[in-house]
Amino acid sequence: MADSEKLAAECLSMRRTLVEMIHNAGSGHTGGSLSCVEIVWTLYSHVLRYRADEPDWPDRDRFILSKGHAAPTLYATLAEKGFCDPVLMVSTFRCLDSMFQGHPDMRKVPGIEMSTGSLGMGISVGVGMALAARLSRRDYRVFILVGDGELQEGQNWEALQAAAKYRLDRLTVIIDKNGVQLDGTTDDIMPSGNIAAKLNAFGLDVRECDGHDCSALLSAFNWACSEGKSPRAIVAATVKGKGIPFMEGDHTWHGKTISQQDYELATLALRGERA
Amino acid sequence: MNMKQKGMPQRQVFGEMVAELGASNNRMVVLDADVSSSTQTKHFAARFPDRFFNMGICEANMVSVAAGLAACGFIPLASSFALFISMRAGEQVRAQVAHPRLNVKLIGGYAGLSDFADGASHQSVEDLAVMRAMPNMTILSPSDIVTTRLAIRVMLEYDGPVFLRLSRDSVTEDYPADQAFRIGQAITVREGADLSIVATGPMVRLAIEASELLAAKGLSVRVIDMHTIKPLDHDSLDRAACETGAIVTVEEHSRLGGLGGAVCEAVCERTPVPVVRIGIPDRFGETGRYPELLARMGLSAGNIAAAGEKAFNAKGKKPAMSRYVNASVSGKNQTL
């Protein structure tokens, strides 16, 4: 099987896990978790350098999930890659005393590089990590996944200025451009305009790609890892709720509980069947 | 305590000390938000340009960048004015420093009314209350040249979030060079039996002056330098309450939520005795010359001494309505 086909099959399996996890928990952010499955999985499968049995390895690449509400996607990826226990993850996500908190906690789950959840802060952290790499003469890369709604937070743009000032060529910002936020579409709530052009104006080299096409993502990540002088940005066009037709593009699935009935429908949809 | 008069701005003590320590600690990095000439991180910047990052007028970004550096093993000092660190970047401090317990040192310069001429927009009267409410935070507020240097040393040795509160104004060299200084362990500056004055930061000096005024009236006053606001030294407060029976707190900060608030919370649960809080009333600052502005807010030796007499006279009396309401004397409109 070609890499991209294998990745697609693995992403489908991950979607099943996410839906089960969020359904079990009785709460969680389904739409935004589903939109970044290919992005996160491709990164951990083919791009990032890490050691699951040595999560503090100093030379590892850093991944920051700035849109921390997509924690299920990160947890499921880390579990699949051997950082943590997948069974415990599905059974305790969002429970009292669980290491799998509603939003990622770097002190609880190995492999989480920064606690996130409050939006707009991840790029800044990535700037700090990229500066640290330079100071310590290490060659690790830093990837930050940001939601397009999240870009409304002003701090992102403070951070991008800094990334450009310090020419952080080993830093890549990935935008999960699903076009939908909690209250509605980004066009209705606070229009993003031309995100790629804005990022470019802030001094980043920018590429756009289909955020659900693993081979397109791989080629964008290869470009991001090639020699350059500027920080990179990948604007990945995605669909909120991707893979479950009745959730796709619907803002009400930002953080809605998955009822038993919806869970069954979603499971069928992920098997390629219809109710 | 030796009350030498030779003073130096506390920010300069900080700036020079940090530049000095940078030579022996290559994990130290300093970030500033376009106020390095004011906060005096310029000394570090000049000696270690590779480890200094001027992040521009972006305090929120600066604090999160510091968190990223700390997560990779560096010891970042993120420096700006106390109100910008605690409030402009308050949520970044909470989410990315306090909650993940990262080893970021937050330097809050120009605290209290010490940026007197710039007025309310620049004066930090709420920073202790904000920072104190955050779990995992340690808050240091040294009073003189010696303890400022010591505070910087222990802050760097401690692995975790610290907020260091500094004045723009001069402090003097009051303690001996071999003064012991431990996080969470207050310094008893003077022993006394009739009441205790618990002060923090440069207000310790005013507390000592007040103790002398009270001594002239025959009162034996203990003076405690509470250089760590969090974790609070409960042992020292327990002893002050049990052994002297009355407490006055003094801080260049709102009377709400800072040292006075912390002491009241501790004393009223553990060892209830009268406490009178001297601090900035529940109002914003304003422009003025520093001594007159401090006096306007009730921060004068005379006012502290008067509060001391009130607290002393309240000892052992049953609480009555309104007894303490206007206890801090300078007091017009000090209803809180």
Side-chain angles (χ1 to χ4, degrees), chain A residues 55-64 66 68 101 103-109 111-138 140-142 144 153-166 168 170-171 202, chain B residues 22 25-34 44 48-78 80 84 88-106 134-136 159-161:
Chain A
D56 294 333
W57 180 39
D59 288 316
R60 71 195 183 279
D61 291 332
R62 267 65 168 180
F63 173 72
I64 301 158
S66 191
Q101 296 284 299
H103 291 81
D105 185 331
M106 66 182 286
R107 297 296 188 188
K108 296 196 190 295
V109 180
I112 296 210
E113 300 291 353
M114 178 57 60
S115 302
T116 52
S118 180
L119 295 174
M121 303 183 187
I123 303 176
S124 303
V125 172
V127 167
M129 291 180 173
L131 290 172
R134 186 174 288 172
L135 281 171
S136 52
R137 299 196 168 78
R138 295 184 190 276
Y140 60 79
R141 297 181 185 279
V142 182
I144 309 117
E153 289 281 5
Q155 187 183 345
N156 292 297
W157 305 96
E158 295 185 2
L160 291 169
Q161 290 180 129
K165 171 185 172 180
Y166 291 106
L168 300 176
R170 304 185 80 77
L171 177 142
F202 270 72
Chain B
N25 187 344
N26 59 15
R27 291 167 65 212
M28 269 175 75
V29 295
V30 174
L31 302 92
D32 208 301
D34 193 38
F44 185 94
F48 310 103
D50 293 346
R51 285 190 277 144
F52 177 78
F53 302 100
N54 199 324
M55 302 308 293
I57 310 164
C58 302
E59 295 81 5
N61 180 54
M62 174 177 74
V63 167
S64 298
V65 169
L69 282 155
C72 295
F74 286 92
I75 307 174
L77 284 71
S80 181
F84 301 138
R88 172 61 73 106
E91 208 223 329
Q92 285 72 18
V93 170
R94 176 188 185 273
Q96 292 183 321
V97 178
H99 179 229
R101 286 193 320 280
L102 283 168
N103 195 17
V104 176
K105 312 308 176 187
L106 303 155
M134 294 195 197
N136 296 337
D159 183 10

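Below, chain A is the first sequence line, B the second, and so on; all start at residue 1. Treat the numbers as computed from the prediction; the structure is a model and nothing was measured.
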For this session: Side-chain contact test, heavy atoms from C-beta onward, threshold under 4.5 Å: evaluate it for A/E158 versus B/M55 and give yes or no.
Result: no
For this session: Examine whether an atom of A/K108 lies under 4.5 Å from a heavy atom of chain B, and if so say whether it belongs to the side chain, the backbone or both; otherwise answer neither.
Result: neither
For this session: Select one option (side chain, backbone, both, neither) describing which atoms of B/L31 are under 4.5 Å from chain A's heavy atoms.
Result: neither
For this session: Please test B/D50 against A/R134 for side chain to side chain contact (heavy atoms under 4.5 Å, CB included), starting from the C-alpha separation and ending with a verdict.
Result: CA-CA 10 Å; B/D50 293 346; A/R134 186 174 288 172; over 6 Å; no
Exercise. Is the closest side-chain heavy-atom distance between B/H99 and A/D105 below 4.5 Å?
Worked result: yes
Problem set entry | Heavy-atom pair of closest approach, residues B/Q96 and A/V125 | NE2-CG2, 3.2 Å
Problem set entry | Side-chain touch B/C72/A/R62, heavy atoms, less than 4.5 angstrom | yes
Problem set entry | Smallest separation among heavy atoms of B/G68 and A/M114, with atom names | N-CE, 4.4 Å
For this session: Kindly compute the distance separating NZ (A/K165) from CG (B/N54), expressed to the nearest 0.5 Å.
Result: 5.5 Å
Problem set entry | Residue B/A66 versus chain A: region with a heavy atom under 4.5 Å | neither
Exercise. So which heavy atom on A/A162 is nearest to which on B/N61, and how close?
Worked result: CB-ND2, 3.7 Å
Exercise. Checking B/V29 against chain A: side chain, backbone, both or neither under 4.5 Å from a heavy atom?
Worked result: side chain
Exercise. For A/L135 and B/L69, what are the C-alpha separation, side-chain angles and deciding distance, and is it a side chain to side chain contact (heavy atoms under 4.5 Å, CB included)?
Worked result: CA-CA 10 Å; A/L135 281 171; B/L69 282 155; 4.1 Å; yes
Exercise. Minimum heavy-atom separation for A/R107 to B/R101, with atom names?
Worked result: NH2-O, 3.0 Å
Exercise. Checking A/R138 against chain B: side chain, backbone, both or neither under 4.5 Å from a heavy atom?
Worked result: neither
Problem set entry | For the student: nearest non-hydrogen atoms of B/A71 and A/M129, plus distance | CB-CE, 3.8 Å
For this session: Enter the distance from A/L131:CG to B/R51:CZ here, rounded to the nearest 0.5 Å.
Result: 14.0 Å
Problem set entry | Heavy-atom closest pair, residues A/M106 and B/P100 | SD-CB, 3.6 Å
Problem set entry | Residues, nucleotides or ligands: over 12 heavy atoms within 6.0 Å of A/R60 CZ | yes
